[in-house]
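So the structure is just underneath, and the comments pick up after that.
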Amino acid sequence: MDSDIKTRVTPLDELKAPTTPGQDCLVIIYATDARMFGKRHVLGTGATTLGRGSENTIVLENDAVSRRHCKIEKRGRAYFVQDQDSTNGTYVNDVLISDYQLARGDQVKVGDTIFKFLSGSDMEAQYHETIYRMTIVDGLTGIHNKRFLLDTLEREIPRARRHQRPLGLVMFDIDHFKKINDTFGHLAGDFVLKELAQLVKNRLRPDDVLGRYGGEEFAVVLPETDLEGGRVIAEELRTLIEAHAFLFEQERIQVTCSLGVAIVDEDSDVLGFLKAADERLYAAKRGGRNRVMI
């Protein structure tokens with residue numbers, strides 16, 4: 001757990017299962033790496049491959065898993081799991097299988113990882129969908145949280161390298177946010193965070209991922225975006241925020257942001273990528289704030 005995560009009180013009516021069907025998915029119910037526990041992988045119409053190789057849809061870095069271990073594909077209305085001649089085999093409900101039609105609640109074991117199959121048409125999957133959303137969405141702003149950002153970068157960085165495509169990252173935070181809280185009160189500060197998050201979200205492209213990294217700091221993952229493209233988007237966001245009328249109880253709050261832009265390179269890992277953008281963000285602050293630094 002991150003140290004900046006606070007206890008959240010959730011009203012019981014927020015936990016009511018949604019009335020619309022959820023999505024068919026696999027949920028990790030056991031793994032030696034505790035960070036994997038509870039992760040959900042949505043199943044689509046295309047094949048979902050599992051294995052140790054980076055080309056798989058679900059990558060499992062474990063010696064007990066073959067490079068191409070198994071795949072799950074939809075045939076008609078049903079999903080089937082098919083072993084891909086793996087060394088240690090694929091198991092469903094502790095039975096070794098070669099080709100098997102999944103039913104709700106089935107447990108699929110690949111190496112030392114156990115997945116549970118949840119059908120989107122049943123209540124359990126819909127309830128899980130609600131709980132899962134609470135783990136990836138920031139309760140205040142309604143955008144993605146730090147956990148989702150980290151998961152996104154873990155997925156997008158290898159994909160960018162594999163396809164030799166650019167990947168940009170913008171990190172930004174609100175200038176003198178403490179002064180806003182001290183002058184207008186914490187309710188006004190919360191209003192600014194929510195208003196700014198929605199303002200930025202509405203400007204971004206469908207494939208961009210916006211998240212609250214912590215406090216008043218935000219991050220935007222920009223697939224298929226080089227350094228100049230990231231700079232242009234960051235400058236548009238800076239201008240948009242500065243020009244926006246943040247009105248709280250008939251008082252206008254002037255809000256500006258400092259932004260840092262980085263692009264992934266061959267040596268970048270998740271933390272290194274974040275650090276590169278964060279260093280540029282703080283260079284923007286040292287340079288006078290309300291500016292973009294690349």
Side-chain angles (χ1 to χ4, degrees), residues 2 4 33 35-36 39 41 49-63 65 67-68 136 138 143-175 197 200-201 203-241 257-294:
D2 296 315
D4 59 348
D33 185 349
R35 294 172 300 176
M36 300 285 287
K39 279 193 174 182
H41 298 278
T49 59
L50 297 85
R52 199 173 68 249
S54 61
E55 72 274 10
N56 289 283
T57 313
I58 302 175
V59 178
L60 300 171
E61 298 178 346
N62 187 276
D63 291 338
V65 178
R67 184 171 182 82
R68 296 174 69 250
I136 64 170
D138 178 61
I143 61 174
H144 292 303
N145 60 15
K146 183 176 181 179
R147 171 183 170 176
F148 188 87
L149 278 170
L150 296 177
D151 287 348
T152 298
L153 289 173
E154 285 179 355
R155 181 177 65 250
E156 290 295 335
I157 290 175
R159 181 179 298 170
R161 288 206 188 100
R162 187 162 61 243
H163 298 290
Q164 297 183 322
R165 304 298 297 169
L167 176 66
L169 177 66
V170 175
M171 295 196 72
F172 65 97
D173 74 1
I174 301 171
D175 296 329
V200 172
K201 181 180 178 181
R203 160 57 188 84
L204 295 174
R205 304 165 301 186
D207 291 337
D208 299 335
V209 177
L210 168 67
R212 185 182 179 192
Y213 191 70
E216 67 272 21
E217 190 169 5
F218 298 82
V220 185
V221 182
L222 302 170
E224 304 288 332
T225 305
D226 60 16
L227 192 59
E228 176 59 19
R231 185 198 66 78
V232 170
I233 291 173
E235 183 60 35
E236 289 182 7
L237 294 179
R238 186 199 67 77
T239 304
L240 184 68
I241 293 166
C257 285
S258 299
L259 306 93
V261 185
I263 188 169
V264 75
D265 59 37
E266 286 299 318
D267 299 321
S268 297
D269 57 13
V270 172
L271 294 181
F273 196 23
L274 288 165
K275 183 180 179 181
D278 208 41
E279 286 174 348
R280 290 159 176 77
L281 161 61
Y282 281 94
K285 286 187 172 296
R286 291 192 298 270
R289 303 176 190 268
N290 189 26
R291 63 190 62 209
V292 174
M293 189 70 70
I294 64 172

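Because the structure is predicted, anything quoted here is derived from the model rather than measured. These numbers come from the heavy atoms of this one structure, side chains and all, not from hydrogens, waters or symmetry mates.
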Worksheet item: Could you state the interatomic distance from CG (Asn145) to OH (Tyr213), rounded to the nearest 0.5 Å?
Response: 12.0 Å
Worksheet item: What's the spacing between Leu271 CG and Leu153 CG if we round to 0.5 Å?
Response: 9.5 Å
Worksheet item: If you look at every heavy atom in Asp265 and Arg161, which pair is closest and at what distance?
Response: O-NH2, 3.3 Å
Worksheet item: Taking only residues two or more places apart in sequence, or in another chain, which ones meet Arg231 in a salt bridge (charged side-chain N to carboxylate O under 4.0 Å, His left out)?
Response: Glu228
Discussion item. I want to check something: taking the side chain as every heavy atom from C-beta on, are Met36 and Leu60 in contact at a cut-off of under 4.5 Å?
Written reply: yes
Discussion item. So, taking the atom named CG in Leu222 and the one named CD1 in Ile263, what distance separates them when rounded to the nearest 0.5 Å?
Written reply: 10.0 Å
Worksheet item: How far apart are the C-alpha atoms of Leu167 and Ile157, what are their side-chain angles, what is the distance that settles it, and do they pass the side-chain contact (heavy atoms from CB on, under 4.5 Å) test?
Response: CA-CA 7 Å; Leu167 176 66; Ile157 290 175; 3.9 Å; yes
Worksheet item: What do you reckon, is CZ of Arg203 surrounded by more than 12 foreign heavy atoms closer than 6.0 Å?
Response: yes
Worksheet item: So His144 and Val209, side-chain contact (heavy atoms from CB on, under 4.5 Å) or not? Walk me through it.
Response: CA-CA 8 Å; His144 292 303; Val209 177; 4.1 Å; yes
Worksheet, complete the sentence: Output for pair (Thr152 OG1, Arg147 CZ), nearest 0.5 Å, gives 11.0 Å
Worksheet item: Mind checking whether Leu50 and Asn56 have side chains closer than 4.5 Å, heavy atoms only?
Response: no
Item to complete: Measure across Ser54 and Arg162 and return the closest heavy-atom pair with its distance rounded to 0.1 Å.
Response: O-NH1, 2.9 Å
Item to complete: Quick one: closest heavy-atom pair of Val59 and Gly53, and the distance?
Response: CG2-O, 3.6 Å
Fill in: Closest contact, heavy atoms only, Ser268 versus Phe273
CB-CB, 4.5 Å
Which donor-acceptor pairs under 3.5 Å do the side chains of residues 279-287 make with protein atoms, sequence neighbours left out?
{"from": "Arg280", "atom 1": "NE", "to": "Val261", "atom 2": "O", "distance (Å)": "3.2"}
{"from": "Arg280", "atom 1": "NE", "to": "Ile294", "atom 2": "O", "distance (Å)": "3.2"}
{"from": "Arg280", "atom 1": "NH1", "to": "Ala276", "atom 2": "O", "distance (Å)": "2.7"}
{"from": "Lys285", "atom 1": "NZ", "to": "Asp173", "atom 2": "OD1", "distance (Å)": "2.7"}
{"from": "Lys285", "atom 1": "NZ", "to": "Asp175", "atom 2": "OD1", "distance (Å)": "3.3"}

Discussion item. side-chain contact (heavy atoms from CB on, under 4.5 Å), that's the test. Do Lys39 and Asp151 meet it? Break it down for me.
Written reply: CA-CA 10 Å; Lys39 279 193 174 182; Asp151 287 348; 3.5 Å; yes
Discussion item. Tell me the closest heavy-atom pair linking Glu61 and Arg52, and the distance in Å.
Written reply: CA-CG, 4.3 Å
Discussion item. Taking ring-ring contact (aromatic ring centres under 6.0 Å, His included) as the cut-off, I'd like each qualifying pair that reaches into residues 156-175, sequence neighbours left out, listed once.
Written reply: Phe172-Phe218
Worksheet item: Is Leu169 close to Val264 at the side-chain level, that is, under 4.5 Å between some pair of heavy atoms?
Response: no
Worksheet item: Are side-chain heavy atoms of Glu55 and Thr49 found at a separation under 4.5 Å?
Response: no
Worksheet item: Under the side-chain contact (heavy atoms from CB on, under 4.5 Å) criterion, do Leu274 and Leu150 qualify, and how do the steps go?
Response: CA-CA 9 Å; Leu274 288 165; Leu150 296 177; 3.6 Å; yes
Worksheet, complete the sentence: Interatomic distance, CG@Leu259 vs CD1@Ile241, rounded to 0.5 Å, equals 6.5 Å
Discussion item. Can you give me the closest heavy-atom contact between Ala197 and Leu210, atom names plus distance?
Written reply: O-CD2, 3.5 Å
Practice prompt. Could you tell me whether the side chains of Asn290 and Arg238 share a donor-acceptor contact shorter than 3.5 Å?
Written response: yes
Worksheet entry | Thr225 side chain to Pro223 backbone, donor-acceptor under 3.5 Å | yes
Fill in: From SG (Cys257) to CD (Glu217), nearest 0.5 Å
10.5 Å
